[in-house]
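Here's the structure we're looking at; comments come further down.
Throughout, protein chains are lettered first and strands after them, A, B, ... in sequence-line order, and every chain is numbered starting at 1. Bear in mind the structure is a predicted one, so any value in this text is a computation, not a measurement.
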Amino acid sequence: MSNDREKQKTVRLRINSQVIDVPEGRTILEAAKEIGIYIPALCNHPMISQSGACRVCIVEVNGTPVTSCTTLVEKDMEVITNSPYIEDLRRDTIDLILSDHPYDCMVCQKTGECELQELAYSYNIRKPLFSGERRIYDKKDGNRFIERDMEKCILCGRCVKICDEVQGVGAIDFAYKGFGTKVCPPFERDLDCEFCGQCVMACPTGALVGRDWIGKGRYWKIREVDTTCSYCGVGCSITLHVKNNEIIRVSSRPDSVVNKGLLCVKGRFGYGFISSPDRLKQPLIRKDGRLKAASWEEALDFAADKLKKIKEAHGPDAITGLSSARCTTEENYLFQKFMRAAVGTNNVDHCARL
Amino acid sequence: MASLATIFGSGAMTNSIREIEGNEVIFIIGSNTKEAHPVIANAMIRAHRKGAKIIVADPRKLAMCRFAETWLRQRPGTDIALLNSISHVILKEGLHNAEFIEAQTRQFDDWKKSVEEFTPEAGEKLTGVPKEKIIQAARLYGGSRKAAIYYGMGITQHVNGTANVNAIANLALLTGNIGREFTGINALRGQNNVQGACDAGCLPNVFPGYQRVDIPEIQEKFEAAWGRSLSARPGIAASEIAQKALDGSVRAAYVMGENPVLGDANVSHTKKGFEALELLIVQDIFLTETGKFADVVFPSSCFAEKNGTFINTERRVQRVRKALAAPGMAREDSWVITELSRRMGYEMSCSSPEGIFEELGSLWSALEGISYTRIESRGVQWPCPTKNHPGTEHLYKGGFPRGRAAFTPAPFERSAGSTDAAYPFILNSGRNLFQYHFGSMTRRVPLLESHAGEAYIEMHPDDIARAGMQDCDRAKVSSAQGSVVLRVRSTDRVSPGTVFIPMHYAEAAVNMLTSDTSIDSFSKTPGFKITAVRVQPVREGE
């Protein structure tokens with residue numbers, strides 16, 4: 001590995017008067033990021049191929065504006081990311097994007113986490129300079145998982161690419177052309193896909209959000225708890241968004257070790273069981289053939305007494321324990337310790353084979 | 001798992017999820033990766049885009065077939081014939097790794113004889129896979145030294161599941177595709193913490209860390225640690241409980257977070273068994289089908305309501321953190337166990353989850369170097385014997401812990417549950433993307449339930465037409481064990497003569513149909529994947 005790296009050719013260039021050596025094949029955007037120079041970009045995303053769609057990442061190369069996400073570094077390049085000329089161009093580009101945007105940040109679910117809003121804030125664009133036609137879409141997508149508000153779509157293409165390149169599904173693509181260009185499923189049917197929500201994660205604006213998240217709370221009013229998904233054995237890192245003792249959303253951090261921020265439909269949208277009204281809330285004991293509410297004291301005494309009697313009459317091997325692959329390692333350890341040391345049997349198993 | 005442990009000395013995924021992207025060849029057999037382990041499928045797709053070749057071997061046309069260089073559609077229950085044929089071709093074409101075989105394995109010559117009869121022609125006859133495809137798969141897998149195998153329950157949940165795993169292990173040994181980065185035999189474990197439950201000793205024959213209960217020195221070690229004399233007699237497997245309850249040798253069961261009434265093969269038999277118990281204690285977050293038979297029910301907390309760890313399919317110990325208070329009087333499982341234990345006269349020190357984890361680490365060196373502080377932001381993969389050990393991405397670097405690994409002949413026998421005139425279809429079972437296991441969690445997620453809330457049977461359009469039915473009709477599916485009614489889904493994912501029912505739906509529980517008598521004699525795993533059934537239309541009003 002290290003040999004490969006050493007062999008890789010580097011090129012020397014200058015970015016904002018800093019001289020750096022960068023491996024061949026890198027983009028200007030990547031090179032700048034490495035030395036801590038931030039270039040805003042709305043279509044660029046580390047998990048997908050470059051497209052150069054949004055034009056926000058423009059920089060000056062030897063005096064000419066180019067998109068830094070699609071331009072590879074070259075020897076002796078002079079790159080300027082923040083000249084007044086470039087900043088003006090960039091401001092106009094953002095302004096143009098905003099001129100066809102609903103401007104409803106006060107009710108938008110994405111407020112505070114929106115990359116477009118963040119750019120409007122940094123460039124102090126209170127009201128767009130340009131005015132013109134706006135895309136108005138009456139038809140709403142009827143799927144249950146993802147709210148698709150295409151009026152907020154800036155056509156960056158992140159969702160299209162992540163669905164195709166990362167998820168391998170290709171449920172959506174660009175349809176129509178020119179001003180009428182729209183991201184949608186074939187024939188503008190309702191979205192019917194794996195509902196992994198990778199597109200929601202990648203969307204820079206409020207065009208794609210989890211339908212169940214809407215109105216449940218602003219991100220700065222929630223508590224985030226990092227934990228591990230409780231579904232399959234992959235062990236994706238997830239972040240629970242908690243408000244008033246309720247989970248209102250699940251996300252995953254892009255630097256998570258196993259899944260790099262990717263999730264599946266169950267991990268991202270399958271948290272509703274936690275607050276299900278069916279949850280058991282008190283111990284139950286069977287009396288006269290029916291399960292009836294009891295105190296912990298009663299239930300534990302009842303179970304322990306009966307276990308002791310059965311152990312005395314029939315020996316410890318007449319008792320068996322079934323533990324769970326859903327429980328924690330620590331609980332499983334305690335469970336088998338209970339069966340082996342307290343009951344005195346090796347009759348302990350779980351659902352590994354099922 | 002039992003088989004892998006016998007051959008190599010450990011039963012877990014040998015390599016890591018990170019390494020998938022470095023695979024040149026990915027051989028998926030008996031795993032519906034895109035639906036059952038979606039984020040591992042993402043890594044495979046990334047590898048595919050970088051040029052990795054994917055081989056899928058499965059009777060069903062799974063989503064991963066879209067990315068496959070070749071798809072081998074073996075007849076259900078013929079995995080051994082297929083794997084042996086691939087081994088045969090690798091040998092014949094000299095693609096095997098003689099150096100590795102010489103240095104790290106034994107019983108090669110004996111085993112070699114056992115695959116002599118599995119020519120590609122014989123393989124085609126036994127499995128239905130064209131011989132060209134068998135040869136192609138052999139050249140792909142055998143031709144790469146960065147090839148990895150990924151398998152799931154499609155391999156283990158067979159009467160001959162242990163032999164299936166042996167046949168897979170032989171392939172890896174033959175090519176030396178184990179013990180290095182970007183290779184390995186990777187069992188994709190189905191549940192969040194099935195690895196942790198095994199590691200923690202919730203198995204009838206071993207203490208924590210796979211240390212056998214019937215070895216005196218080990219027994220003494222645990223007796224010293226726990227301050228009690230311990231039994232040296234291996235216990236009974238989960239799949240044996242119902243029968244033992246019916247014959248009176250088991251009188252009481254304590255079930256924590258498990259739903260055996262739906263989970264075990266042959267539901268009606270299991271139900272009778274659990275009804276026969278004198279005492280059934282169920283500890284769960286919902287009143288499951290098993291809970292309904294209970295004499296006492298303890299309400300417990302779900303993963304978001306407690307602290308602890310899960311160990312994933314690549315042996316990575318990761319933190320679980322409490323985010324919510326449990327509802328009502330529900331308590332953490334550890335509290336319930338400790339309280340019950342105290343009443344049984346065995347006082348467990350009621351320490352924190354962290355303390356419990358450290359106790360486990362003190363009894364099993366693979367976890368000894370891991371502490372909650374170390375896994376605060378990212379998990380560590382066992383074995384990790386010391387505080388400075390970085391953890392282990394892939395196992396068996398430089399050799400196997402028990403010395404040379406043995407080639408184990410995997411004899412091919414026709415699977416039980418063959419079809420006949422009364423039950424002409426082979427039923428397969430498994431997961432779909434939107435539900436999980438027996439559904440106690442996902443069936444209570446309104447969002448998922450609204451999208452995938454109805455039980456169905458996948459059936460080939462030709463078979464549907466032959467039965468005089470149409471897509472979406474209701475059908476009665478019967479086996480020698482029982483019957484269920486569900487909706488027909490027309491699809492060429494299944495081949496003619498085979499059908500598939502997802503396991504998630506209690507109202508049409510697939511285990512009403514599966515048999516509890518066809519069990520792998522070594523691992524005690526039921527043969528869930530093959531049951532002979534018949535499918536009949538249900539007319540309106542029936």
Contact class of [X] relative to chain A, heavy atoms under 4.5 angstrom:
X: Val336(B); answer: both
X: Ile311(B); answer: both
X: Val213(B); answer: side chain
X: Arg66(B); answer: side chain
X: Arg46(B); answer: side chain
X: Ala41(B); answer: neither
X: Glu354(B); answer: neither
X: Phe67(B); answer: side chain
X: Ala36(B); answer: backbone
X: Ile45(B); answer: side chain

- prompt: Mind checking whether Phe338(A) and Tyr254(B) have parallel, tilted or perpendicular rings, split at 30° and 60°?
  reply: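 Phe338(A) and Tyr254(B): perpendicular rings.
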
Exercise for review: May I ask you to decide if the ring planes of Tyr436(B) and Tyr231(A) are parallel, tilted or perpendicular, using 30° and 60° as cut-offs?
Suggested key: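 If you compare the ring of Tyr436(B) with that of Tyr231(A), the planes turn out perpendicular.
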
Salt-bridged, [X] to [Y], with N to O below 4.0 Å?
X: Lys337(A); Y: Glu359(B); result: yes
X: Glu305(B); Y: Arg279(A); result: yes
X: Lys306(B); Y: Glu330(A); result: no
X: Asp226(A); Y: Arg321(B); result: no

Under a 3.5 Å distance rule, please check whether [X] uses its side chain to pair with a backbone N or O of [Y] as donor and acceptor.
X: Asn245(A); Y: Ala325(B); result: yes
X: Trp296(A); Y: Met329(B); result: yes
X: Asn346(A); Y: Ser231(B); result: yes
X: Lys308(A); Y: Arg343(B); result: yes

### Query
Under the salt bridge (charged side-chain N to carboxylate O under 4.0 Å, His left out) criterion, do Glu278(B) and Lys309(A) qualify, and how do the steps go?
CA-CA 11 Å; Glu278(B) 249 172 72; Lys309(A) 277 183 193 141; over 6 Å; no

- prompt: Considering only heavy atoms from C-beta outward, does the side chain of Leu324(B) approach that of Ile274(A) to under 4.5 Å?
  reply: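 In short, these two side chains touch, coming nearer than 4.5 Å.
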
I'd like to check His451(B) versus Asp192(A) (side-chain heavy atoms, cut-off strictly below 4.5 Å). Are they in contact?
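Yes, side chains in contact.
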
Requested in this report: Kindly determine whether Thr328(A) and Thr309(B) satisfy side chain to side chain donor-acceptor pair (under 3.5 Å), including the steps that lead there.
Outcome: CA-CA 5 Å; Thr328(A) 64; Thr309(B) 61; over 6 Å; no

